[in-house]
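Please read the structure below before turning to the comments.
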Number of protein chains: 4
Amino acid sequence: MSSTPQSPRAARAPRAKVPDTTRRSARSRAAILDASMELVGEVGYSRLTIEAIAARAGVGKQTIYRWWPSKAAVLLDALTAVVDDDGYAAALPDTGDLAADLKEVLRATVDEFTDAAFEAPYRALAIASAADAQLAAQFNERLQEPGLAVYAARLRAAQRAGQIDADLDVGLAVEMLLGPFQQRWLARSGPLTYEFTDRLVEMCLRAFTPRGTP
Amino acid sequence: MSSTPQSPRAARAPRAKVPDTTRRSARSRAAILDASMELVGEVGYSRLTIEAIAARAGVGKQTIYRWWPSKAAVLLDALTAVVDDDGYAAALPDTGDLAADLKEVLRATVDEFTDAAFEAPYRALAIASAADAQLAAQFNERLQEPGLAVYAARLRAAQRAGQIDADLDVGLAVEMLLGPFQQRWLARSGPLTYEFTDRLVEMCLRAFTPRGTP
Amino acid sequence: MSSTPQSPRAARAPRAKVPDTTRRSARSRAAILDASMELVGEVGYSRLTIEAIAARAGVGKQTIYRWWPSKAAVLLDALTAVVDDDGYAAALPDTGDLAADLKEVLRATVDEFTDAAFEAPYRALAIASAADAQLAAQFNERLQEPGLAVYAARLRAAQRAGQIDADLDVGLAVEMLLGPFQQRWLARSGPLTYEFTDRLVEMCLRAFTPRGTP
Amino acid sequence: MSSTPQSPRAARAPRAKVPDTTRRSARSRAAILDASMELVGEVGYSRLTIEAIAARAGVGKQTIYRWWPSKAAVLLDALTAVVDDDGYAAALPDTGDLAADLKEVLRATVDEFTDAAFEAPYRALAIASAADAQLAAQFNERLQEPGLAVYAARLRAAQRAGQIDADLDVGLAVEMLLGPFQQRWLARSGPLTYEFTDRLVEMCLRAFTPRGTP
DNA sequence: ATTTAAGCGAGACGGTACGTCGTGTCTTTAT
DNA sequence: ATAAAGACACGACGTACCGTCTCGCTTAAAT
């Protein structure tokens, strides 16, 4: 991805493949990211083309090929930029009521995945990741895992508060909370409703909490 | 003389464009399905082309376009044929030990999704479904839901045996068992191991079983 | 061409390629010829297709392929039928005034070649003949030469009347009268006007008549 | 950002779609013209395909479609290039003997039209011109008329020398000399022999020369 | 008076070529 | 050296026809 930091010196290697980042046009970069977000919303991932991005961005094709290896990589940068700008919720709320907190956040996530402007590029990246392991690694690292981490943090807080099992595998717990949700979304195997997420939270908490608890 | 005379029979065909299924070549159909399965395994979905399928099958391209709307639709038929031939496990084993039964089947599923011959077309369809709602409906109905149904049946048997809550939402329960699995697989967010599925089953059963149970 | 007479017995040859003429459907034949004449006028020769002829004629494609080797052969039969029906002018007028007679007939020919209904199939055949020597032989024999023959007859009458050289090569003379005309028409190298044909006749007659004549 | 900035220069190009001629690859152009000449000789016009030209030339199909509207247009450029390179006979010989000069040139033309390397593309263009008025205009202007002009020049010289009528319509005269020839060639209505052209010249000269001359 | 067996309408089939679109590379011209 | 522009070789697209090949079906001839 283009985010790999490149010192100017790196370009001095005998046959430099990587262009000189310091000379990069910020204006072009922004135009490309904007155009790709717009277009993926308009036509969908499969009909998204690099030519169209370049044309919409008023940019030469080579400028895209120089800095990104694929249209998915462009989208990854574009969505990362948006998410980082919007200031990723660094933490889940912690009202002390774990169930309420999880339900609230999952309801917000339902809203997010119902918003076409966000959904389109996110789905595009999920699709591209499913097809390309290398992209998947980047996608998971840069967009998915930060999201999961805040769930994990909240669960660990609940562990410390004794609300859930101390020896609970937090990673697995997060997968149980989000896996069914993402599956419904990506495979369109069911509607994304508050009722679904609420009941999913309730069911999961039954698994997370000590058996004796009523 | 040039006016097309319409026999009553011809007039009964209300919609034009639809080819005559009775004249369809079974040989060609089989060759196309075989070729598409082979090729998706060899080159992956994104490099799978209808031209290559036609060439491999020894068939004209039009014969594919006549009967299928997309390469994904071909794969859906191909995989459906394979699954139906192999005799879908109509039911999960029922040894009385729900945890053991679920673990066994999920372990088998791990094996299945580790087998490239099965994985490639299945992933291809999952990708295509993520990109195309219409295909997704077909994919879910014809391949996913039959698979889920056997889990649901086993859970309902366990309900009758009093092993899990009588008022458990079986559909949701199945999503909890398979969602995290499929998510790991499709998004490559983690390894598909027996350990993972075993622990997933254990966690889920804690959610499914009556709270009082130790 | 389909005009080759075939006795029923010929079909008894070990591997009969030639279908049984006696069973041929006159209705289909007529519909095909009509349709081909219509279509060549509507879309031109290069866009004329056998499928379209069959569809317009309400006939199976095989019925065309059974009886004709090419779409040009169909047109040749079609135009022959029309020309024969219209009763080919068996002879040029002979008023005694050769120049006037030739001018009149050439003016009529100008009219004919300006009529789209006649021009389109005729041009189609001329084009097909230019590309296919075998068709050319048929076209010349069945459509061109009968036309030329009437000119030759008229010139021979003029020879007998002493109006043109007795040792004139009548065949060449006919070519001189019609070659420039057909060339203009086919190559579109100039307009087909009465003035052109009148002056062509006058020039040719200077070549045909005895030198002493003023 | 996505609005396409238009430099004044770019705005001066009134019509879109037209590719930039200055960037055209001379190498590709030459390869395409060569390949089309070769192929039309090998397989004939009707079996000449743009795909085959592109393949033989080592060129993408789009490079042909970008610069030429049809395979006939390619051939027109190809033949024009050959003819211009070979240095079109700028003038007929003028030995003072008009008959001899015309016979000599027509005999040379017979040779030319008997040479397959020249005949094939020329016939191809004649066929395409017969089918397409727009191409015909180009063909006549760029290949036919320059050829006719040299005949016209020679006839005008003869006029000045008093050998043929001063008021002879030179254009018509040229059509009389070449029309029967081209007709025989294109329609294959007779053999192209020296005897034919010699007698054609003699006949025409009888029409061109003053009546009193023996 | 049936039985053949042909022609027939219909259209699926294996192919070829079409003309278009997008890819990723390369070259030109202009900052 | 990067950028806009876009020509290029390539490959796949989805379509249109080709000419062949079954399918019932009518229909005329030969049983």
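All chains are named by letter (A, B, ...) in the order of the sequence lines, taking the proteins before the strands, and each is independently numbered beginning at 1. Only this structure's heavy atoms are used, side chains among them; waters, hydrogens and symmetry mates stay out.
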Determine the minimum heavy-atom distance between R123(D) and A130(C), stating which atoms define it. NH1-O, 2.8 Å

With the side chain counted from C-beta on, respond yes when R24(B) and W67(B) share a heavy-atom pair under 4.5 Å apart, and no when they do not. yes

Can you tell me if CZ on R66(D) sees more than 12 non-hydrogen neighbours from other groups inside 6.0 Å? yes

Can you tell me how far the OG1 atom of T80(D) sits from the CG atom of L125(D), to the nearest 0.5 Å? 7.5 Å

On DNA chain F, nearest-nucleotide positions of A52(C) versus G58(D): which is more 5'? G58(D)

Of the non-hydrogen atoms in G41(B) and A120(B), which two are nearest, and what is the gap between them? CA-CB, 3.8 Å

Whole Å only: how far is the CD atom of E51(C) from the P atom of dG11(E)? 11 Å

Of all of residues 63-72 of chain B, which get a heavy atom below 4.0 angstrom from DNA chain E, listed by number? T63(B), R66(B), W67(B)

In this structure, how many angstroms lie between the P atom of dG14(F) and the CD1 atom of I53(B), rounded? 11 Å

Atom CH2 of W68(D) and atom CD1 of I32(D): how far apart are they, to the nearest 0.5 Å? 4.0 Å

Strand-adjacent residues in residues 32-40 of chain B, judged by heavy atoms under 4.0 Å from DNA chain F: none

Nearest heavy atoms of A72(B) and Y45(B), plus distance in Å: CB-OH, 3.4 Å

Nucleotide N/O of nucleotides 26-29 of chain E paired with protein N/O under 3.5 Å:
residue: dC26(E); atom: N4; partner: Q62(A); partner atom: OE1; Å: 2.6
residue: dT28(E); atom: O4'; partner: R23(D); partner atom: NH1; Å: 3.0
residue: dT28(E); atom: O2; partner: R23(D); partner atom: NH1; Å: 3.4
residue: dT28(E); atom: O2; partner: R23(D); partner atom: NH2; Å: 2.9

I need the D34(B) CG to L39(B) CG distance, nearest 0.5 Å. 11.0 Å

Can you measure from CG (L76(C)) to OG (S36(C)) and round to the nearest 0.5 angstrom? 10.5 Å

Going from CG on L135(A) to CG on L75(A), what distance comes out if it is rounded to the nearest 0.5 angstrom? 9.5 Å

Base, sugar-phosphate, or nothing: which does S28(B) touch, judged by heavy atoms less than 4.0 Å apart? sugar-phosphate

Rounding to a whole Å, what distance do you find between R47(D):CZ and dG15(E):C1'? 17 Å

All heavy atoms of S70(B) vs all of I50(B), minimum pair found to be C-CD1, 4.5 Å

Using the test side chain to side chain donor-acceptor pair (under 3.5 Å), find all partners of E42(D) that sit at least two apart in sequence or belong to another chain. R56(D)

For R29(C) and dC8(E), give me the distance from atom CZ to atom P, rounded to whole Å. 12 Å

Partners meeting side chain to side chain donor-acceptor pair (under 3.5 Å) with K71(C) (sequence neighbours left out): none

Let me spell it out: for each of A26(C) and R27(B), pick the nucleotide of DNA chain E with the closest heavy atom. Which residue's pick is nearer the 5' end? A26(C)

Per nearest nucleotide of DNA chain E, the residue lying toward the 5' end, L48(D) or G60(B), is G60(B)

Atom pair CD1/CG of I53(B) and L33(B) - distance to nearest 0.5 Å: 9.5 Å

Residues in contact with DNA chain E, drawn from residues 128-137 of chain D - heavy-atom cutoff 4.0 Å: none

Selection from dC13(E), dG14(F), dA3(F) that lies nearest to any side-chain heavy atom of I50(B): dG14(F)

